[in-house]
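Below: the structure, in structure tokens.
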Amino acid sequence: MGIAVSPIQIDSNASDFISKPRKMLIDGKWVNAASGKTFPTYNPATGEVLAQVAEGDRADIDLAVQAARRAFDSGPWSRLTPSERGKLVWKLADLLEEHIEEFATLETLDNGKPLTVARAADVPLAVDMFRYMAGWATKLEGTTIPISVPYTPGAQYHAYTLREPVGVVGQIIPWNFPLLMAAWKLGPALASGCTVVLKPAEQTPLSALRLGELIMEAGFPDGVVNVVPGYGETAGAALAAHDQVDKIAFTGSTEVGKLIVHAAAGNLKKVSLELGGKSPNVVFKDADLDTAIAGAASAIFFNHGQCCCAGSRLYVERPVFDQVVEGLSAKAKKINVGPGLDPTTHMGPLVSEEQLQRVCNYLEIGMAEGAKATSGGRKIGGKGYFVEPTVLVDTKDYMKVVQEEIFGPVVAAIPFDSPEELLPRANDTVYGLAAGIWTKDISKAHRLAASLRAGTVWINCYNIFDASLPFGGYKQSGWGREMGKDVLELYTQTKAVCARL
Ligand code: ADP
């Protein structure tokens, strides 16, 4: 089977944007790389080059960090009131909202995801994140603390805390939700008064670069946000190691997260990490099975399984195992796989040739180890990086397809016999990002939610995200939380001030 590609009219602003080589944003100016080098970004639906982008490296990162440093230490940004800061972030949300179609198109072209999804989810969620964080700019408060100081009897003090921005933040983001990940990172940094050097993923730099234009249009002072595209091993590594950076915020693989921690050790910069997952999604026999089957499909196939929280281990209580697998496989077979721009497409291509290779390798290893596909299981031939939505059965808990993050539309369906037997198996992973539970027994659901070692547990739903809901990992799925008020802890630090009266 191949993918038929028909010519589709695309948003004219998006096609204008990709028609020119794209520069990087440093200190409020659009500039070429110091080396003059560029790199291609590809359309995963065709494998063709979409645009050439300035290739940032150590020298560009250094210039960007210096600009962010100046903006933080002495620029007009440092003198803005919280209300003025919040207003700028809100203005950015408004501008982004005015360009939904253009951003959705850039995401689809660069990442491959269906335009219908980018339009309904990626861009509106990014707008909402900026609005939510804009509101926080005026609400980051310290406290007054009545202190006792037993070794100065009779003395009186006035003690209070200030909540201050951590400073210059390096932000390294992945390719699965390019714009949304930029918003998750920039929103809290800007609301708190930090300045930023943002490095988008090399596979998907376009929406972050266009966002950089809107940031300047909104009126952020020069150097507050710098956007430096480039490769992870060069630009990313230079940012993580830079000694003038106060904090690094990273979203990506656990493997690279560990490299970031090493790189950050030089100046002990603060580190927050949102990493991989191998999330258990548990269906009990008393669940509303139609809803659970639809939920299990969306848990793994949404964004082509390229979600760190994908429900990639589907545990099903034995009496309903066959029924759930059958229902899920039927749904998988009905998914229209095609170019993201086609309005009938449910699932687009994987992001890159490398990612396609990785997913296909896992499928081969899984089959060689004895797993069977009840739907899918293969690459789709022809142009572009397409793979079939796949349901695997007959797996064993020790197999790679059950233990390792595939980051593709591949779920292992596994029977279980009781909650007691299930729990250690569900928790038997180095990851701890998310989990799902499907049951009508609300007490059972909450008991299990308390025992699962995961940063998010969804009950009778999956992939529910909100700007106000903290998201992040237990165990090797990360350090700290994104979103909600929790994330602001990671962009601010507390100063205790004590005055003798
Ligand atoms: P994936 O394997 O899914 O591409 P990665 O974790 O490699 O995910 O990439 C996420 C982000 O991390 C990207 O922006 C990438 O460029 C960056 N990155 C990759 N390697 C490094 C590194 N050694 N140091 C810093 N950033 C890196």
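Start at 1 with the first residue, then count along the sequence. Whatever order the structure lists ligands and atoms in, that order sets their numbers, starting from 1.
Around the NZ atom of Lys334, the shell of radius 6.0 Å holds no more than 12 heavy atoms that belong to other residues, nucleotides or ligands. Counting heavy atoms of neighbouring residues, nucleotides and ligands inside a 6.0 Å radius, atom CZ of Arg58 does not exceed 12 of them. Heavy atoms of other residues, nucleotides or ligands lying less than 6.0 angstrom from NZ of Lys247 number more than 12.
Using bins of under 30°, 30° to 60° and over 60° for the plane-to-plane angle, the ring pair Trp458/Tyr462 lands in the tilted bin. Using cut-offs of 30° and 60° for the angle between ring planes, the Trp77 and Phe220 rings count as tilted.
For atom 7 (O) of ligand 1, the closest non-hydrogen atom of the protein is Val256 CG2, 3.6 Å. At the top of the distance list for atom 16 (O) of ligand 1, counting protein heavy atoms only, stands Glu202 OE1, 2.5 Å. Phe250 CE1, 3.1 Å is the protein heavy atom nearest to atom 12 (O) of ligand 1.
With values rounded to the nearest 0.5 angstrom, Leu209 atom CG is found 8.0 Å from Glu213 atom CD. The CD atom of Gln171 sits 8.0 Å away from atom CD1 of Ile173, with the distance rounded to the nearest 0.5 Å.
Residues passing the salt bridge (charged side-chain N to carboxylate O under 4.0 Å, His left out) test with Arg425, sequence neighbours excluded: Asp397, Glu421.
Numbered from 1 in the order shown, with element, the atoms of ligand 1 that lie under 4.0 Å from a heavy atom of Ala237 read 24 (N), 25 (C). The atoms of ligand 1 that sit less than 4.0 Å from any heavy atom of Leu259 are 23 (N). Atoms of ligand 1 lying under 4.0 Å from any heavy atom of Trp175, numbered from 1 in the order shown and given with element: 1 (P), 3 (O), 4 (O). In the vicinity of Ile173, heavy-atom distances shorter than 4.0 Å reach the ligand 1 atoms 11 (C), 13 (C), 14 (O). Heavy-atom contacts of Gly236 reach the following atoms of ligand 1: 24 (N), 25 (C), 26 (N) (cutoff under 4.0 Å). Short contacts between ligand 1 and Ile172, defined as distances under 4.0 Å to a heavy atom of the residue, involve ligand atoms 11 (C), 12 (O), 14 (O), 17 (C), 25 (C), 26 (N).
Residue-level proximity to ligand 1 for Ser253 is carried by backbone and side chain together, each with a heavy atom below 4.0 angstrom.
Nearest to atom 24 (N) of ligand 1 by heavy atom, out of Ala241, Gly232, Ser352, is Gly232.
The main-chain N or O of Ile406 is found under 3.5 Å from a side-chain atom of Arg358 such that the two form a donor-acceptor pair.
Contact annotation: Phe407 has no heavy atom less than 4.0 Å from any atom of ligand 1.
Ile248 places a side-chain heavy atom less than 4.5 Å from the side chain of Ile260.
Taking only nitrogen or oxygen atoms, main chain and side chain alike, Lys199 reaches within less than 3.5 Å of ligand 1. Looking at Thr251 next to ligand 1, no N or O pair under 3.5 Å apart turns up.
Protein heavy atoms all stay at least 4.0 Å away from atom 9 (O) of ligand 1.
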